[in-house]
Asks: 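The structure is given below, and queries will be raised subsequently.
Atoms within a ligand are numbered from 1 in the order they appear, just like the ligands themselves.
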Amino acid sequence: MRLTVVGCSGSYPGPQSPASCYLLQADGVDAEGRSRTWSLVLDMGNGALGLLQRYIDPLAVDAVLLSHLHADHCVDMTSYYVLRKYHPSGTQPRIPVWGPQGTAGRLANAYDLPRRPGMREEFEFHRYDEQGTGSFTLGPFEITAAEVDHPVPAYGLRISAEGRTLAYSGDTGPTPALLDLAKGADLFLVEASFREGDDNPPSLHLTGAEAGQYATEAVSKRVVVTHVPPWHDAAEILAEAKQTYSGPIELARSGAVYEI
Ligand SMILES: [Zn+2]
Ligand SMILES: [Zn+2]
């Protein structure tokens, strides 16, 4: 699998990066048995659609997975809707968009569309809890979504293909769900938005130290710390995480590519 960091800025776009957006690609076969590259987009935060075009033809995206419906994770879906619906080559086929309950209505509101049909003619909406287990398949990707701890319904994702596994925390406060998500992951993309020692609200985000601690307990093989808000010094948060995780660890950076 190949992971490209499109946007990693926490809570709002920063001077070096859009808000959350990651491109995940793996080889698989299509319905006719032909080999091709499959491309998932994980989150589509503010400003992400612009930079996404550096890494992929935006019409070649197979599916979008939204961790939750805060603006810094989904609001550029409004622009992506325009791109697909009004493209000069014609309206594009519907692609799956996975998210929490209420995703279709949330995106319709964000674009000021009537809630019916909203964007249902452009996107095929699915909820992570529609199959009970939260597990589903897209091309070569086996995906498990698990609810995490955030003020709105929010999910972490565990995605496997080609025998390798990516775990993505989404936005979350401390929760045991992270241990299952990140267990033995080849790469754990984990948020760290808070600093130790601050008066941090509960059930919202992790500190750098907490992110590292979960990676250690889950025995994640490699860690990329993401979603640091521009108002914090990212190096300080990475240093915290290094106190609690001794394996390979670095900060996410827009444009970074990881072969998983
Ligand atoms: Zn966020
Ligand atoms: Zn959030």
Side-chain angles (χ1 to χ4, degrees), residues 3-24 40-52 64-80 97-107 109-110 127-129 134 145-159 166-175 177-178 181-182 188-195 198 200-208 210-211 214 223-234 237-238 240-241 251-254 256:
L3 175 72
T4 303
V5 178
V6 179
C8 57
S9 186
S11 303
Y12 58 98
Q16 308 296 342
S17 175
S20 295
C21 182
Y22 309 92
L23 174 63
L24 185 65
L40 304 184
V41 170
L42 314 182
D43 283 338
M44 191 80 94
N46 326 49
L49 183 61
L51 281 199
L52 179 66
V64 179
L65 279 63
L66 301 174
S67 64
H68 66 298
L69 301 176
H70 279 155
D72 62 314
H73 296 257
C74 75
V75 82
D76 264 23
M77 286 299 289
T78 55
S79 307
Y80 192 45
V97 174
W98 288 78
Q101 179 182 7
T103 298
R106 167 78 173 92
L107 295 183
N109 287 349
R127 332 171 10 167
Y128 292 123
D129 58 356
E147 196 156 8
V148 290
D149 192 12
H150 205 53
V152 296
Y155 289 81
L157 298 167
R158 181 179 173 92
I159 304 177
L166 167 75
Y168 171 44
S169 67
D171 281 10
T172 184
T175 170
L178 285 171
L181 277 170
F188 184 22
L189 180 62
V190 58
E191 77 118 287
S193 314
F194 287 161
R195 298 178 302 191
D198 289 343
N200 297 316
S203 299
L204 190 59
H205 291 299
L206 303 175
T207 65
E210 287 166 341
Y214 280 112
V223 173
V224 176
V225 173
T226 192
H227 200 278
V228 178
W231 57 44
H232 284 328
D233 176 0
I237 289 185
L238 178 65
E240 271 188 21
L251 286 168
R253 171 181 60 76
S254 179

Asks: Measure across Y80 and L49 and return the closest heavy-atom pair with its distance rounded to 0.1 Å.
Replies: N-CD2, 3.6 Å

Asks: How close do G173 and L206 get, counting heavy atoms only, and between which atoms?
Replies: C-CD2, 3.5 Å

Asks: Sequence neighbours left out, cut at 3.5 Å: what donor-acceptor pairs do the side chains of residues 97-106 make with other protein atoms?
Replies:
| residue | atom | partner | partner atom | Å |
| --- | --- | --- | --- | --- |
| T103 | OG1 | P100 | O | 2.6 |
| R106 | NE | L69 | O | 2.8 |
| R106 | NH2 | L69 | O | 3.1 |

Asks: No waters, cut-off 2.8 Å: how many protein N, O or S atoms are close to the Zn ion (ligand 1)?
Replies: 4

Asks: List the residues meeting side chain to side chain contact (heavy atoms under 4.5 Å, CB included) with R253, not counting sequence neighbours, and say none if there are none.
Replies: A256

Asks: Given H227, which of H150, H73, H232 fulfils the ring-ring contact (aromatic ring centres under 6.0 Å, His included) condition?
Replies: H73

Asks: Report the residues that fulfil side chain to side chain contact (heavy atoms under 4.5 Å, CB included) with A234, sequence neighbours left out, ordered by chain and then residue number.
Replies: V228, L251

